[in-house]
Amino acid sequence: MHEQYQPRDIEAAAQRHWAEHKSFEVTEQAGKDTYYCLSMFPYPSGRLHMGHVRNYTIGDVIARYQRMLGKNVLQPMGWDAFGMPAENAAIQNKVAPAAWTYENMAYMKAQFNQLGLAIDWSREITTCKPDYYRWEQWLFTQLYKKGIIYKKVGTVNWDPVDQTVLANEQVIDGRGWRSDALVEKREIPMYYFKITAYADELLSSLDNMPGWPEQVKTMQRNWIGKSFGADILFDYDLDTVGIEGQLKVYTTRPDTLMGATYVAVAAEHPLAQRAAVNNPELTAFIAECKAGSVAEADMATMEKKGLPTGQFVLHPLTGDKLPVYVANYVLWGYGEGAVMAVPAHDERDFAFANTYQLPITQVFASTDENKTFDAKVWHDWYANKTDVTTINSGKYDGLSVQDAFDSIVADLEAKERGERKTQFRLRDWGISRQRYWGCPIPIIHCPSCGDVPVPEDQLPVVLPENVIPDGSGNPLNKMPEFYECTCPTCGADARRETDTMDTFVESSWYYARYASPQYEGGLVEKSAADYWLPVDQYIGGIEHAILHLLYARFFHKLMRDEGLVNSDEPFAKLLTQGMVIAETYYRMLPNGGRQWYNPEEVKVEHDNKGKAVSATLISDGEPVIIGGIEKMSKSKNNGVDPQVMIDEYGADTCRLFMMFASPPDMSLEWSDSGIEGASRFLKRVWRLAYKHVQAGACEPLDIAGLNDTQKEVRRAIHAAIQHASQDVGQHQKFNTAIAQVMTLMNVLEKNPTEQAQDRALLQEGLETVTLLLAPITPHICHVIWQQLGHSEPVIDAPWPQADESALIQDTLSMVVQVNGKLRAHIDVSASASREEIETIARENENVLRYTDGLTVRKVIVVPNKLVNIVAN
RNA sequence: GCCCGGAUGGCGGAAUAGGUAGACGCAAGGGACUUAAAAUCCCUCGGUGGCAACACCGUGCCGGUUCGAUUCCGGCUCCGGGCACCA
């Protein structure tokens, strides 16, 4: 054992040991409890970032802890290798996405190994390789045949200059990020997963998922958004529309139908299209609605505009004529593309009605007479569903919301002008992408047979890897050798689909493939899947709370219904780590864009309170704008490279710092200070262990023979075990577990070493420190454990158990409050009765000062904690 | 705009079946050791007042419930995540 702590040598040696012994390769051993610990696999962007380090360290700590509990632990790793960044890099550097991706993977894998992660690399999977995506294509063809996948028209962002479809991220302020052209909405045919068919189950299963954070379940419930309402039919007014027909709307508030004063339709709605003929103003407005991105956030924040069509429809109960408006906030493809408007009880309709001078009919009044209705100013209670009663509603007057709902829907159903309907906010999942670097959709378009799924014996449809996209459209469309094919059904000349799949598809089932990653007989090998699945612990960023986690849950149910897995949910327990965030810095560019600077390139000036006041670029000394703290990302260039930290301090120090800086589910603002402290602590552990080992072997601990001081030290050891075990095992709060070990180290460093039993106690203390730290800082613990005289490696040592008898205390310290204010500390015997404690408290000198002249009304004794004397 | 979170010393954070606010660490200041530095060790460290004992104030803001509120309730402010083609 070297006197100095030398992380480089120690870490290399420990990593070599694990590699030589294949320590983390696991098989399906019968009779052992399994634990499948999975962290979200990375996109191979180039280098590990801080979010990766945090994510994978958390996963590794949990995996190693579970192993010490005696479980057969699987911790696999792979690459979410398809995606847009590879295409962007290709356009920029003229390198094929495949080559760029594989290079990144190799670099990042080396970084993973430097971090000392307990990964079974024999199970590595790469989603852009045919041996992976062929099963995705296979599943696609099965689901297509079942009707779970279907084709319909969808809306995308279209860049008219680059002639290409843009992702929402590529639309900035309504313009294409490369061309700067105004983006348009364009409708194209796409394939969809019928996720809405599983909406009810995806919702109800959430009630049986105790291992998931409430926050995530709430977000998913709201996203699925089950609502109870009604479809309502409005007959066309023949005079103004010119044809017979009915306008269908869905509403969650049929109870307000008597207050409907107009209807609004989307620009693409047949009524709007019809009205636009020979109406240049309306035609222009419809064209205007086509501009801008498809992102919901943009839709929701844009100015609400509308135009009358000159058409009317008939109110289904009163027969009144209601004007038909075209409105930019009504979306085609969501619901019926038409809404009924009740300005008095819907805030958006209220604003719209006031803008366009449309009538506002109040149909609910507050039961609180102080709340009166004002048609010019919106008050929140207008949308209340409780403490309101119907008015101005004819035969429906005087009803509650529920009663009005029921009566009105019953009448609509009797008149065949509507019906009760449950609806979901969740929409079907469009997966077609007009991009090269993705999994090809296994469909062949035949002029006579239509869309034909590629037969199983012709899978996989291999994506050519030596292609360099140029940013305009999908290069597969220019490659006859890819798209020219024959129809599998009739043998005629046919065209292969050139769209690829959304990369969320690959990440929706990868966790299952890890069970049997090389299996060639199917998507999963049943025995392996049954052995490992579901995942016991899944770890990843909170930013995936909805999309990825919902899609993966959906896929698990699809796979279950295909007989591939036998559970209902993929992830028993979920830990959503907070983001690693950092300050951003930028300068405005002449074209209105922003040039982002990395924190390392910037020097920040602080005021005397430590608050940042200004920043300058180191290279030119000119000021930059402080842009606020955001998630570390490439687009904002605010990432801090963890490699620099690893090189300087070693993996254990980085891991320790990351875990100590904040609890895993909280966002972590990066700061350079603190890493020194982690390094200092590991040096202290090393030094104490070194001194102890140098002093030679020690005798066994004689627990019964310990004196009072020694008993206190032993109590500290076992208190640390107790608290750290709770922190790691139950609360998954590694920062407080580390604090417990630091507190123990503070005690152990002061422990005398003269007597043999003092040294025996120190041995127990150092073993405890090593075991408790082993999941967090595995390399240093690997070496110290050996040096403390153990032949088995620490990864296979059992997690320590607290000795209850060591924790018992004779006297307890309690506090005394007078009227809730702290006035004294008292020591009481652990066996003291309530009355004895109260007497000691009331006789305390400082307590007497504050109760003097007052009458004691009440004494509250909280066992082991405090006494509160209420007096006046 | 809508949905979900968060806010505690100079900084990261600790403490919630409601019970001592600031564990543990960082930074800072002072001291010891040293020719010197690094490293290490010791002390101080929320604010105000006080020689001190101690007192008063203090967990984003306003209000409420309670013997007692960082914790529960109502109303805000600011910050972060997501919003279906970033992953």
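Note that the structure is a prediction, hence the values are computed from the model and not measured. First the proteins, then the strands, lettered A, B, ... as listed; each starts at 1.
Checked against B/U20, B/G19, B/G13, the side chain of A/I860 finds its nearest nucleotide in B/G19. With distances taken from any side-chain atom of A/R684 to the nucleotides B/C41, B/C83, B/G82, the minimum falls on B/C41. Closest to the side chain of A/Q817, from the set B/C85, B/C24, B/U20, is B/U20. Listed candidates were B/C67, B/G81, B/C85. Nearest to the side chain of A/N868 is B/C67. Distance from the side chain of A/R435 is smallest to B/C85 among B/G68, B/C85, B/C83. When distances run from any side-chain atom of A/L426 to the nucleotides B/U20, B/G81, B/A84, the shortest one goes to B/A84. The nucleotide whose nearest atom lies closest to any side-chain atom of A/K821 is, among B/C56, B/A87, B/A15, B/C56. Relative to the side chain of A/A739, the nucleotides B/C67, B/C54, B/A23 differ in distance, and B/A23 lies closest. The nucleotide whose nearest atom lies closest to any side-chain atom of A/M579 is, among B/A87, B/U40, B/G81, B/G81. Distances from the side chain of A/H825 to the nucleotides B/A87, B/A84, B/U20 place B/U20 closest.
The residue A/K304 sits apart from the nucleic acid: no heavy atom pair falls under 4.0 Å. As judged by a 4.0 angstrom heavy-atom cut-off over every strand, A/T301 is placed among the base-contacting residues. Among the protein residues, A/A678 comes within range of no part of the nucleic acid, since none of its heavy atoms lies under 4.0 Å from any strand. The residue A/R348 sits apart from the nucleic acid: no heavy atom pair falls under 4.0 Å. Residue contacts for A/V156: at a heavy-atom cut-off of 4.0 Å it reaches a base atom on one of the strands shown. At the heavy-atom level, A/S432 lies under 4.0 Å from base atoms of the strands shown. Residue A/H544 is classed as a base contact, given a heavy-atom separation below 4.0 Å to a base.
Look at the C1' atom in both B/A21 and B/G13: the space between them is 13 Å, to the nearest Å. Separating the C1' atom of B/C56 from that of B/G60 is a span of 22 Å, rounded to the nearest Å. Rounded to the nearest Å, the gap between the P atom of B/A84 and that of B/G75 is 29 Å. When the P atom is compared between B/A52 and B/U44, the two are found 15 Å apart, to the nearest whole Å. Comparing B/G46 with B/A39, their P atoms are spaced 25 Å from each other, to the whole Å. Distance check on atom C1': B/G50 versus B/C57 gives 15 Å, rounded to whole Å. Rounded to whole Å, the separation between the C1' atoms of B/G10 and B/G5 comes to 26 Å. Taking atom C1' on both nucleotides, B/C26 is separated from B/G74 by 39 Å, rounded to a whole Å.
Rounded to whole Å, the distance from CG on A/D80 to P on B/C86 is 13 Å. Separating the CH2 atom of A/W223 from the P atom of B/C83 is a distance of 7 Å, rounded to the nearest angstrom. For A/Q215 and B/G6, the CD to C1' distance is 9 Å, given to the nearest whole Å. Rounded to a whole Å, the CZ atom of A/F352 is 16 Å from the C1' atom of B/G1. Taking atom CD of A/Q170 as the reference point, atom C1' of B/A84 lies 16 Å away to the nearest angstrom. Here the P atom of nucleotide B/A15 and the CD atom of A/Q726 are 11 Å apart, to the nearest Å. Distance A/E214 CD to B/C3 P: 18 Å, rounded to the nearest Å. For the pair A/I172 CD1 and B/C86 C1', the interatomic distance rounds to 12 Å; values are reported in whole Å.
Taking for each of A/T743 and A/R823 the nucleotide of RNA chain B with the nearest heavy atom, the 5'-most of the two is the partner of A/T743. Along RNA chain B, the nucleotide nearest A/W429 and the nucleotide nearest A/E749 are compared for position; the residue whose nucleotide lies closer to the 5' end is A/E749.
Rounded to the nearest 0.5 angstrom, A/Q434 CD and A/W158 CH2 are separated by 8.5 Å. Rounding to the nearest 0.5 angstrom, the gap separating the CD1 atom in A/I776 from the CE atom in A/M658 is 14.0 Å.
For the residue pair A/T164 and A/D159, no side-chain donor N or O sits within less than 3.5 Å of a side-chain acceptor on the partner.
Remark: aromatic rings of A/F660 and A/F681 are distant, center separation not under 6.0 Å.
For B/C85, the base has a donor-acceptor partner in the side chain of A/Q434 [N/O atoms by modelled type, under 3.5 angstrom]. Residue-to-nucleotide contacts include no donor-acceptor pair under 3.5 Å from the side chain of A/N168 to the base of B/C85.
Of the charged side-chain nitrogens involved, at least one lies within less than 4.0 Å of a carboxylate oxygen, so that A/R684 and A/E749 count as a salt-bridged pair.
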Expected output check: what is the dot-bracket annotation of RNA chain B, where ( ) and [ ] are pairs inside the strand (brackets for crossing ones), | is paired with another strand, and pairs are Watson-Crick or G-U under 3.5 Å?
(((((((..(((......[....))).(((((.......))))).((((....))))..(((((..]....))))))))))))....

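Proximity of a side-chain donor or acceptor of A/T127 to a complementary backbone N or O of A/W79 within less than 3.5 Å is detected.
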Show, in sequence, the C-alpha distance, side-chain angles and deciding distance for A/Y329 and A/F352, and conclude whether the ring-ring contact (aromatic ring centres under 6.0 Å, His included) test is met.
CA-CA 10 Å; A/Y329 64 85; A/F352 192 88; 5.5 Å; yes

